[in-house]
**Student:** 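Could you have a look at this structure, given as structure tokens, before my questions?
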Amino acid sequence: MLKQIYRWFCYIGLHRYEKIDINFSFGPGGSTETVKCKDCGIKKLREKR
């Protein structure tokens with residue numbers, strides 16, 4: 001039941017992300033992190049703040 005609720009949240013765009021990889025760098029590029037949704041598996045690359 002709870003899994004179905006989380007999948008519904010993914011459908012409307014509310015994901016539960018976990019960090020997969022973090023890359024540190026100096027300069028204009030900055031650091032990035034790769035995150036993955038625990039429920040639907042979508043991956044995103046975002047700038048670390």
**Student:** What donor-acceptor contacts under 3.5 angstrom involve side-chain atoms of residues 34-43, with partners at least two apart or in another chain?
**Tutor:**
residue	atom	partner	partner atom	Å
Asp39	OD1	Arg16	NH2	3.2
Asp39	OD2	Arg16	NE	3.1

**Student:** Just verifying a value: how many Å separate Glu33 CD and Asp21 CG, rounded to the nearest 0.5 Å?
**Tutor:**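 These two atoms lie 9.5 Å from each other.
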
**Student:** Would Met1 end up clustered with Trp8 when hydrophobic side chains under 4.5 Å apart are linked, directly or stepwise?
**Tutor:**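 Each belongs to a different hydrophobic cluster.
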
**Student:** Looking at Tyr17, I want to see if its OH is surrounded by more than 12 non-hydrogen atoms of other residues, nucleotides or ligands under 6.0 Å.
**Tutor:**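 More than 12 heavy atoms, drawn from other residues, nucleotides or ligands, come within 6.0 Å of this atom.
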
**Student:** Return the set of residues passing side-chain contact (heavy atoms from CB on, under 4.5 Å) with Phe24 (not counting sequence neighbours), or none when no residue passes.
**Tutor:**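 Applying side-chain contact (heavy atoms from CB on, under 4.5 Å) to Phe24 gives Ile22, Ser31, Lys48.
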
**Student:** Roughly how far, to the nearest 0.5 Å, is CD1 of Ile20 from CG of Leu45?
**Tutor:**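 Reported to 0.5 Å precision, the distance equals 12.0 Å.
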
**Student:** Report the residues that fulfil ring-ring contact (aromatic ring centres under 6.0 Å, His included) with Tyr6, sequence neighbours left out, ordered by chain and then residue number.
**Tutor:**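 None.
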
**Student:** Taking Glu47's backbone N and O only, do any of them form a donor-acceptor pair with Thr32's side chain (distance below 3.5 Å, no angle check)?
**Tutor:**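 Checking the backbone N and O of Glu47 against the side chain of Thr32, no donor-acceptor pair under 3.5 Å is found.
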
**Student:** More than 12 foreign heavy atoms under 6.0 Å from CD of Glu18: is that the case here?
**Tutor:**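 For Glu18, atom CD is crowded (more than 12 foreign heavy atoms under 6.0 Å).
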
